Amino acid sequence: MDNRYKKRFEQLNIQNRKAVIPYSMLGFPNSQQSYEIIRQMIKSGVSALELGFAFSDPVADGPIIQNASYKTIASNFSVVNAFDLIADVRKIDEDIPIGVLVYFNTVLSQGIDKFFKKAKECGVDGVLIADLPPENSMEVQPAALKHGIDLIFLLSPLTATNRIKTILAHAGGFLYLVSRLGVTGITERNAIDDLSLTSLVKTVQEQTTLPICAGFGISNPNDVQAMLNIGVDGIITGSRLIEIVQNDNREMLEQLDEFFNDMLAVCAGHRTLPLLK
Amino acid sequence: MDNRYKKRFEQLNIQNRKAVIPYSMLGFPNSQQSYEIIRQMIKSGVSALELGFAFSDPVADGPIIQNASYKTIASNFSVVNAFDLIADVRKIDEDIPIGVLVYFNTVLSQGIDKFFKKAKECGVDGVLIADLPPENSMEVQPAALKHGIDLIFLLSPLTATNRIKTILAHAGGFLYLVSRLGVTGITERNAIDDLSLTSLVKTVQEQTTLPICAGFGISNPNDVQAMLNIGVDGIITGSRLIEIVQNDNREMLEQLDEFFNDMLAVCAGHRTLPLLK
Amino acid sequence: MMNTGRYGQYGGIYVPETLMPALVQLEREFLKFKTDEENNFYYRELLANYAGRPTPIYYAANLSKNWGNSIYLKREDLVHGGAHKTNNAIGQALLAKVMGKTRIIAETGAGQHGVACAMAGALFGLKTEIYMGEIDILRQNMNVQRMELMGAKVHAVKTGSRTLKDAINEALRDWIKNVEHTHYLLGTAAGPHPFPSIVKFFQQVIGEEARAQVLLKNKILPDYVIACVGGGSNAIGMFSAFLDDRQVKLVGVEAGGEGLDSSKHGAVLNKGTVGCLHGMKSKVLQNEDGQIQEAHSISAGLDYPSVGPEHVYLQEIGRVEYTAITDKEAVQTYYELAQSEGIIPALESSHALAYAKHLCEQNKNISVLINLSGRGDKDLAEVEKYGQSL
Amino acid sequence: MMNTGRYGQYGGIYVPETLMPALVQLEREFLKFKTDEENNFYYRELLANYAGRPTPIYYAANLSKNWGNSIYLKREDLVHGGAHKTNNAIGQALLAKVMGKTRIIAETGAGQHGVACAMAGALFGLKTEIYMGEIDILRQNMNVQRMELMGAKVHAVKTGSRTLKDAINEALRDWIKNVEHTHYLLGTAAGPHPFPSIVKFFQQVIGEEARAQVLLKNKILPDYVIACVGGGSNAIGMFSAFLDDRQVKLVGVEAGGEGLDSSKHGAVLNKGTVGCLHGMKSKVLQNEDGQIQEAHSISAGLDYPSVGPEHVYLQEIGRVEYTAITDKEAVQTYYELAQSEGIIPALESSHALAYAKHLCEQNKNISVLINLSGRGDKDLAEVEKYGQSL
Ligand SMILES: Cc1ncc(COP(=O)(O)O)c(C=O)c1O
Ligand SMILES: Cc1ncc(COP(=O)(O)O)c(C=O)c1O
């Protein structure tokens with residue numbers, strides 16, 4: 001089977017569209033709704049999925065995702081449940097790329113090989129381990145290779161030029177550009193910071209054909225536009241989505257649909273928004 | 001004028017009686033009542049008077065006299081008032097020996113010479129400075145001599161044989177035997193301690209003709225008897241008296257009279273009480 | 001990076017990408033610092049005249065008599081601030097200054113590290129913010145007052161178990177956001193490389209002094225050297241000088257809480273399994289899904305579900321034995337030292353003392369050197385509360 | 001007695017007869033102790049390994065910069081227990097042991113002397129009872145807890161002003177009653193002879209160390225040496241080493257309370273007159289009738305209406321200047337040291353610091369050695385309360 005990330009980004013490229021990758025926490029707010037939320041993403045036509053495993057100590061995450069993690073763990077939603085849910089999602093859509101976002105201890109506690117094997121079985125395409133820098137990726141590389149799973153890595157605004165090579169040496173799927181200093185969450189973007197990202201994106205693009213998607217703090221069409229302007233190939237959005245889910249009113253799925261459509265519209269070039277200061 | 005102490009102890013000796021010397025705080029519970037209390041003493045026939053100046057930090061005194069001191073000071077009864085009161089008392093009885101009990105700071109604050117001069121003018125015969133050991137008595141000796149006032153000193157159960165001489169070298173009037181370790185107040189006497197006093201009294205009597213009167217913790221006829229049994233020439237009683245005054249009911253003076261009469265009876269040999277254990 | 005910071009398979013760097021540059025810089029600057037004479041001289045000078053080093057070792061005659069063996073106490077309770085934490089805080093604050101950082105942040109459990117950072121922050125003119133679990137704020141309130149008095153800002157951490165673990169999480173999150181001008185002044189020999197090496201470097205003075213002092217006094221090394229283990233900084237600082245003295249038995253004492261068979265303890269080396277938390281591979285208390293479990297200890301400084309990686313290694317190679325002492329035993333020994341020697345030990349240190357007592361019950365003619373890592377004034381209220389709950 | 005214990009006309013012995021034999025014995029045993037090599041060796045050994053001496057002198061770089069002159073702090077805050085009081089308590093407790101006493105009693109104001117006695121009592125196995133004014137118990141509650149923890153009994157004194165003065169009265173009364181087996185472990189360089197000499201002897205180590213340290217560091221003596229004066233023990237301990245250095249200006253700082261023109265202060269040397277209290281001739285705060293007046297200070301340790309007799313003498317001969325600092329200035333400087341150097345000073349010591357600040361405002365290129373007599377953790381609550389009352 002072909003690499004779904006590769007295929008999907010090629011399609012998008014042909015259509016002159018950018019990727020919209022929503023992040024959702026597996027099992028939040030509960031198993032059933034989590035499934036429905038993810039199904040809605042696919043229905044709304046998002047480009048790929050980024051599904052998170054809840055972890056007790058998510059240091060890269062802000063309050064919104066932390067809170068979702070605690071609740072998910074408290075509900076006894078287990079790693080096994082999470083894999084089962086992914087398998088169910090894969091049944092909805094054979095083609096959509098599925099990435100999972102985990103902390104390293106989750107992988108370790110399952111056994112590295114077992115984790116990647118299981119992931120593959122459930123239809124996962126990529127694994128991003130939030131606290132595993134490329135320097136330590138040899139710990140998981142053999143298992144990833146063996147089971148044909150891409151390792152997705154983070155790039156940060158502070159990543160020094162000499163580290164880009166190390167990252168690219170191990171990276172697959174796409175590059176996850178942390179679009180600002182700080183943890184995940186909803187904060188107003190800073191135009192100055194965004195500008196300085198442009199050169200990083202350029203430098204990276206000169207060295208790789210891997211697409212670059214920006215995440216952290218992307219929560220509305222303006223943020224999306226800002227990211228597209230600096231030249232990325234797609235965006236990842238998470239905290240805002242969880243916020244909508246948390247409010248948990250009847251029209252949650254419709255709200256999500258609307259949210260995705262707004263983002264997708266910008267990414268399809270149907271709307272171009274001015275850069276906010 | 002002859003030394004009143006000398007005369008009074010000679011009389012008592014002839015009558016085969018022991019001295020009863022009540023202690024009262026000048027100005028307590030107020031100026032008028034204080035005068036009446038002292039007048040009652042004289043009326044009841046006590047042998048000599050021991051009148052205390054209130055001091056803010058009476059370290060040799062237990063709670064009863066401390067409390068009387070604080071109240072007296074709080075009532076603004078001054079040193080001048082105290083001297084005036086003594087002068088009034090002297091008018092009642094020309095012959096009764098009057099001793100005053102002060103802390104050294106009271107003397108110092110008036111000026112040593114001035115204090116003794118004033119004391120003499122008011123009819124005082126002896127001054128006992130509670131916190132002035134004989135080693136420092138040269139500070140007041142000249143003034144005492146000049147104004148013809150006896151310095152009265154304390155003897156304690158712990159006074160070493162070699163210090164007795166120092167004390168006797170300066171002492172006049174009578175020797176104040178601190179009859180037990182501790183401060184003034186009402187506590188049950190300890191027969192063992194009393195026994196050990198006997199030898200001290202003997203040792204002192206071999207070296208002086210000064211009478212010895214025992215104070216501290218003498219508050220009832222039994223205590224008096226215990227002291228007489230060890231061979232002293234009189235007793236001093238204070239805290240019990242203040243306790244009676246403090247209760248302050250209508251028959252206070254009658255109660256005092258009764259109290260003095262009980263003590264006097266033992267001291268006159270009219271009653272002999274068995275030694276308590 | 002020069003070094004992967006491994007102790008056997010443990011240690012390493014497991015952090016989000018954003019922190020990598022800071023850790024690279026930190027390693028580089030630390031390696032420079034280690035051999036920089038001027039900075040080292042300044043550091044030693046501060047240890048001496050600011051922190052009050054060397055601290056003595058005290059032959060505890062009464063305890064020795066009561067326990068029937070020779071007991072020596074390394075008096076880290078006399079260090080300025082009241083615990084060994086100051087050694088590291090001054091060192092790292094100086095390093096931060098050298099790196100041109102203008103702000104330090106720190107986690108704290110017992111508050112001792114927070115106090116040490118507040119001191120160092122004041123001393124070096126660095127803006128200082130401290131993360132402290134809400135529960136720890138309650139049980140170590142005096143230390144919060146001290147930090148604030150010295151100008152530090154204390155953030156109450158309300159996430160997770162609301163103790164040390166979560167304070168570290170929050171500090172890491174702050175660092176991720178403010179990494180450019182902020183140094184994360186980690187307080188124990190844990191966290192991502194190069195922190196375990198840095199903290200060990202700044203705490204080694206404990207063991208160096210103690211070894212020389214005990215030799216000067218007795219001509220012979222002690223049979224046992226004992227230290228309590230929270231994150232492991234006072235223990236590694238003490239043990240490091242004795243690692244090559246094979247005849248000296250080294251014992252680290254963990255928080256036994258309500259017992260190792262209960263779920264309420266902090267005995268990571270005894271009951272934990274290999275995992276990854278706070279940027280390092282080490283042992284952790286976790287469930288089958290790798291969710292970190294709450295630790296428990298009456299002493300806030302030992303209330304941590306992981307441990308410095310070198311300790312896992314030292315346990316694995318059998319050089320150090322790790323054991324645990326319950327809350328109850330620790331409190332009893334807290335009283336015992338106060339009343340027999342007039343020294344109030346930190347509850348953390350009381351764990352080491354209590355284990356020494358056990359050892360003395362089973363042995364004759366041994367000499368035991370215990371690291372008294374801090375003073376126990378901070379624990380007065382907690383101990384009283386514990387007494388009332390019995 | 002060998003000696004009348006006079007400093008000029010001040011000092012001496014003014015106590016009820018019952019105490020005379022104890023003072024005679026105490027003088028005799030103290031004179032023996034002073035030259036007894038074994039006991040002195042033991043004492044010095046305890047100072048080193050138990051109490052943590054020598055304490056450093058610290059060049060306070062930030063304070064020096066802020067105040068525009070060179071500031072050195074003698075770090076008695078690092079002594080075990082948290083103040084200089086331990087030097088004296090260990091010494092006298094050893095002396096009590098040598099005399100065969102089985103019980104010690106003491107007064108305490110700030111609680112530091114009580115803590116030091118509780119420590120020394122535990123160390124030497126002496127029954128320990130502490131008299132402390134009810135008001136001081138409230139404002140220094142942590143120290144009460146520490147004393148009790150170490151096995152001392154604390155008596156709340158409810159007489160008079162319910163502070164230090166009355167605690168001394170009660171301790172004296174206890175001593176009068178129990179003088180045979182009890183040593184009164186007086187905490188400051190006051191009281192009847194030989195206490196001022198004894199306390200000075202045991203506190204001299206402060207000045208001896210500081211003088212040698214400052215010479216070693218600077219090759220030259222400081223221009224000023226400053227200490228706070230409650231009863232006067234830390235000051236006399238510091239000053240004694242410099243008395244013969246005529247070029248060194250010595251300044252003792254009293255409690256200015258709400259101002260020397262108010263009735264609420266403890267500035268005995270500035271505003272008191274000659275009198276007799278607590279067994280000594282000295283200056284006292286008193287009215288025309290010789291009734292002792294209440295002193296006032298935010299710092300319990302300076303809240304005393306008399307002072308050690310040697311200070312009156314040193315004032316009279318002009319060797320030492322005595323000045324005063326208000327509550328407010330002391331509190332300000334408490335904050336200032338905490339925030340500029342990361343050292344929390346005792347409120348008592350803050351008086352000395354505050355005066356040094358004044359001095360620096362009026363002088364250039366001076367070097368000032370300040371005795372930091374104790375640490376200020378004990379004062380946290382009091383300072384906060386003071387802040388709220390402003
Ligand atoms: C006095 C004391 N000892 C020990 C510890 C435990 O830390 P570590 O294991 O890093 O020495 C702490 C932590 O706060 C502490 O305050
Ligand atoms: C820290 C400190 N400094 C100074 C004093 C004042 O006492 P002295 O004048 O005897 O040194 C005290 C008294 O408790 C104290 O605790």
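The structure presented is a predicted model; accordingly, all values stated were derived computationally and were not measured. Proteins get letters first, then strands, A, B, ... in listed order; numbering begins at 1 in each.
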Write out, in numerical order, the residues from residues 178-189 of chain C with a heavy atom short of 4.5 Å from a heavy atom in chain A. C:V179, C:E180
For the pair A:N105 (side chain) and C:C276 (backbone), establish whether a donor and an acceptor sit closer than 3.5 Å, ignoring hydrogens and angles. yes
Within a strict 4.5 Å, meaning less than it, do heavy atoms of the C:L19 and C:I176 side chains meet? yes
Under a 4.0 Å N-O cut-off, is there an ion pair linking C:R6 with A:E139? yes
Validation row: C:Q293, C:S263 side chains within 4.5 angstrom (heavy atoms): no
Answer with side chain, backbone, both or neither: which region of A:L155 has an atom nearer than 4.5 Å to a non-hydrogen atom of chain C? backbone
Report which part of C:L277 has an atom under 4.5 Å of a heavy atom belonging to chain A: side chain, backbone, both, or neither. side chain
Below 4.5 Å, heavy atoms only, C-beta onward: do C:F195 and C:Q92 meet side chain to side chain? yes
Of the listed residues (A:N136, A:V107, A:T106), which shares the most heavy-atom pairs with chain C below a 4.5 Å separation? A:N136
In the structure I gave you, are the side-chain heavy atoms of C:T102 and C:K127 within less than 4.5 Å of one another anywhere? no
Out of the candidates C:K283, C:K281, C:K200, only one should pair with C:E310 under the salt bridge (charged side-chain N to carboxylate O under 4.0 Å, His left out) rule; please name it. C:K200
Using a 3.5 Å distance criterion without hydrogens, assess whether the side chain of A:N81 forms a donor-acceptor pair with backbone atoms of A:S78. yes
Region of A:L108 in contact with chain C, defined by heavy-atom distances below 4.5 Å: side chain
Heavy-atom contact with chain C under 4.5 Å, split by part of A:I73: side chain
Distance-only, no hydrogens or angles: does the C:D289 side chain make a donor-acceptor pair with backbone N or O of A:V79 under 3.5 Å? yes
Sorted by chain and number, sequence neighbours left out, ring-ring contact (aromatic ring centres under 6.0 Å, His included) with A:F104 holds for C:Y14
Give a yes or no on whether a salt bridge exists between A:E135 and A:R163, defined as a side-chain N under 4.0 angstrom from a carboxylate O. yes
Report yes if the side chains of A:L197 and A:S179 come closer than 4.5 Å at any heavy-atom pair, otherwise no. yes
Please state whether the side chain, the backbone, both or neither of A:N67 comes within less than 4.5 Å of a heavy atom of chain C. neither
Taking a cut-off of under 4.5 angstrom between non-hydrogen atoms, the residues of residues 200-215 of chain A near chain C are none
Quick check on C:P21 against chain A: is it the side chain, the backbone, both or neither that has a heavy atom closer than 4.5 Å? side chain
Compare all side-chain heavy atoms of A:F174 with those of A:I236 and state whether any distance is below 4.5 angstrom. yes
Side chains of A:D223 and A:R240, heavy atoms from C-beta outward: is any pair under 4.5 Å? no
So C:T128 and C:M147, side chain to side chain contact (heavy atoms under 4.5 Å, CB included) or not? Walk me through it. CA-CA 9 Å; C:T128 305; C:M147 290 177 233; over 6 Å; no
Highest number of heavy-atom pairs under 4.5 Å with chain A among C:Q291, C:H278, C:K177 belongs to C:Q291
Is the C:H155 ring parallel, tilted or perpendicular to the C:Y131 ring (thresholds 30°, 60°)? parallel
Checking an interface table here. Which of residues 50-60 of chain A come within a heavy-atom distance under 4.5 Å of chain C? A:A54, A:F55, A:S56, A:D57, A:P58, A:V59, A:A60
Over 12 foreign heavy atoms within 6.0 Å of CD, A:Q246: yes
